[in-house]
Amino acid sequence: MTTQKPVTRGTDTDPPLLRGPGPVTVALKVNGTTHHLDIEPRVSLLSALRDGCDLTGSKRGCDQGTCGACTVWVEGRRVLGCLTLAITCEGHEVTTVEGLADGDALHPMQQRFIDADAFQCGYCTPGQLMSAVALVREGRASDEAEIKEWMSGNLCRCAAYPHIRTAILAARDDMAAHDREHDA
Ligand code: FES
Ligand code: FES
């Protein structure tokens, strides 16, 4: 049997680069707050958010990258939390659905989802919202067909799809004003 040697940084005095497989401290910045978590490197971002940060808005529908219920942003880009290792997010801004509202003021996309009845059970909704806001910022909400295509990674068993598209179209213009205000 061979023993794996730890990778070193080049000199004998440098600490080994290997972290884990036991728990290691990972600093995760989520919605502007840094959480120091003792987790194994194998832990997904989704698990770290839900179990370590007590942010249970992000949902686990499949844990294998097919449903989109776990969609969050890393540096403003949408990613699947179940397929992202928490440790790889150190030093990056993570945003979850809990970070969308501005205090008591809902994000325009959240308000439009309510206005358009764009959810029923609500389980897919956090992921839908995170995808929808990113979709508009990506410039991929020009019409229903484009929205349908670029929201296709977010499944909804309650079949709220037509209402979700209505909400996104309505939120698109609100968001231009909202983002201008927040960037000012
Ligand atoms: S839980 Fe991540 S894609 Fe389904
Ligand atoms: S609202 Fe129930 S799964 Fe989408």
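Both counts, for ligands and for their atoms, begin at 1 and track the order of listing. Below, all heavy atoms of this structure are taken into account, side chains as well, without hydrogens, waters or symmetry copies.
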> Counting only N and O atoms by type, is there a donor-acceptor contact under 3.5 Å from the side chain of E98 to the main-chain atoms of G57?
Replying inline: yes
>> According to salt bridge (charged side-chain N to carboxylate O under 4.0 Å, His left out), does anything in residues 73-89 pair up with another residue at least two apart or in another chain? List the pairs.
In response: R78-E138
> Does W73 CH2 have over 12 foreign heavy atoms under 6.0 Å away?
Replying inline: yes
> Number of protein N/O/S atoms less than 2.8 Å from atom 2 (Fe) of ligand 1?
Replying inline: 2
> Would a distance-only check, ignoring hydrogens and angles, find a side-chain to backbone donor-acceptor pair under 3.5 Å from R172 to S142?
Replying inline: yes
>> Looking only at side-chain N and O atoms, does R60 offer a donor or acceptor that is under 3.5 Å from a partner on S47?
In response: yes
> Near atom 2 (Fe) of ligand 2, which protein N/O/S atoms fall under 2.8 Å?
Replying inline: C121 SG, C158 SG
>> Heavy-atom count check: over 12 atoms from other residues, nucleotides or ligands less than 6.0 Å from D54 CG?
In response: no
> Do Y161 and N154 have side-chain heavy atoms sitting under 4.5 Å apart?
Replying inline: no
>> Run the salt bridge (charged side-chain N to carboxylate O under 4.0 Å, His left out) test against E149 and tell me which residues pass, sequence neighbours left out.
In response: none
> Can you tell which of C156, C67, S131 makes a side-chain contact (heavy atoms from CB on, under 4.5 Å) with C124?
Replying inline: C156
